[in-house]
Structures are given as structure tokens and as C-alpha cells.
Amino acid sequence: MSKKISVLYVDDEENNLISFHSFFRKDYEMYTATNVTDAFSILEKKDINIIVTDQKMPQVTGVEFLEQTIEKY
């Protein structure tokens with residue numbers, strides 16, 4: 001049995017995270033975060049294959065988050 005692809009979805013709108021998780025949980029190992037602090041905490045602990053992020057978030061934009069992710073990981 002092969003390991004599922006792990007996906008991290010970062011979005012400040014929790015309803016989006018719930019819908020996304022519900023739809024993809026059977027096929028992927030799903031992780032969600034409502035802010036970049038929680039997202040980085042997940043990235044420190046888990047081997048994430050794919051990151052999906054909202055562009056308009058309160059702390060940073062999605063692009064800024066991905067740029068920080070590239071630097072750290």
C-alpha cells in the first residue's frame with residue numbers, strides 16, 4: 001500500500017478549509033491551517049508534498065507565505 005500524498009491548505013476562512021478537507025480526505029492526507037503560524041507548525045512536524053494557500057490573508061499574502069516556506073523548507 002502506497003503512502004498518500006500530503007496536502008496543506010492555508011486559508012483564514014475556516015468554512016473553506018472544512019469543505020476542502022471533506023472533499024479530499026479520502027484520497028490525500030489532509031492538513032489545514034487558518035494562519036501562517038499554524039501552517040509553519042505543521043510544516044515543522046510533517047512532510048508536506050503540496051501546499052495550497054489563499055492569497056488574501058490577514059497576516060501575509062499567499063505569495064509571501066510561499067516565499068517564506070521556500071526559505072525555511
Side-chain angles (χ1 to χ4, degrees):
M1 186 160 122
S2 63
K3 183 181 172 191
K4 288 184 178 181
I5 293 172
S6 60
V7 179
L8 170 61
Y9 179 31
V10 185
D11 193 332
D12 59 312
E13 296 184 34
E14 197 162 350
N15 287 336
N16 291 345
L17 297 175
I18 292 167
S19 297
F20 190 85
H21 185 271
S22 295
F23 189 78
F24 290 106
R25 67 185 161 85
K26 291 180 182 176
D27 297 319
Y28 301 95
E29 185 176 344
M30 296 298 306
Y31 298 93
T32 59
T34 57
N35 58 65
V36 296
T37 303
D38 291 347
F40 284 130
S41 178
I42 292 168
L43 287 166
E44 288 174 7
K45 298 172 188 166
K46 302 292 180 180
D47 183 26
I48 301 296
N49 302 115
I50 298 170
I51 298 174
V52 178
T53 182
D54 184 22
Q55 174 60 7
K56 295 181 181 181
M57 296 186 288
Q59 297 170 322
V60 296
T61 67
V63 170
E64 291 169 336
F65 165 66
L66 292 173
E67 288 173 341
Q68 293 172 18
T69 301
I70 290 170
E71 291 175 13
K72 291 183 177 188
Y73 303 98

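All figures in this text were calculated on a predicted structure; none of them were measured in a lab. Along the sequence shown, residues carry numbers from 1.
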Report yes or no: do [X] and [Y] belong to one cluster of Ile/Leu/Val/Met/Phe/Trp/Tyr joined by side chain heavy-atom distances under 4.5 Å?
| X | Y | result |
| --- | --- | --- |
| V52 | V36 | no |
| Y31 | L17 | no |
| I48 | I5 | no |
| M30 | I42 | no |

- Task: Would you name the heavy atoms of A33 and A39 that are closest together and state the gap between them?
- Result: CB-N, 3.6 Å
Would you indicate whether [X], at its atom [atom1], is surrounded by more than 12 heavy atoms from other residues, nucleotides or ligands within a distance under 6.0 Å?
| X | atom1 | answer |
| --- | --- | --- |
| Q59 | CD | yes |
| F23 | CZ | no |
| Y28 | OH | no |

- Under 3.5 Å, side chain of K4 to main-chain N/O of K26, donor-acceptor pair present? yes
[atom1]/[X] to [atom2]/[Y] distance, rounded to the nearest 0.5 angstrom?
| X | Y | atom1 | atom2 | result |
| --- | --- | --- | --- | --- |
| F40 | L8 | CZ | CG | 10.0 Å |
| F65 | N35 | CZ | CG | 10.0 Å |
| Q55 | E64 | CD | CD | 8.0 Å |

Report yes if the side chains of [X] and [Y] come closer than 4.5 Å at any heavy-atom pair, otherwise no.
| X | Y | result |
| --- | --- | --- |
| V7 | F20 | yes |
| E29 | K3 | yes |
| L43 | I51 | yes |
| I50 | Y9 | no |

- Note on the structure: Only residue of D11, N16, I18 satisfying side-chain contact (heavy atoms from CB on, under 4.5 Å) with E14 is I18
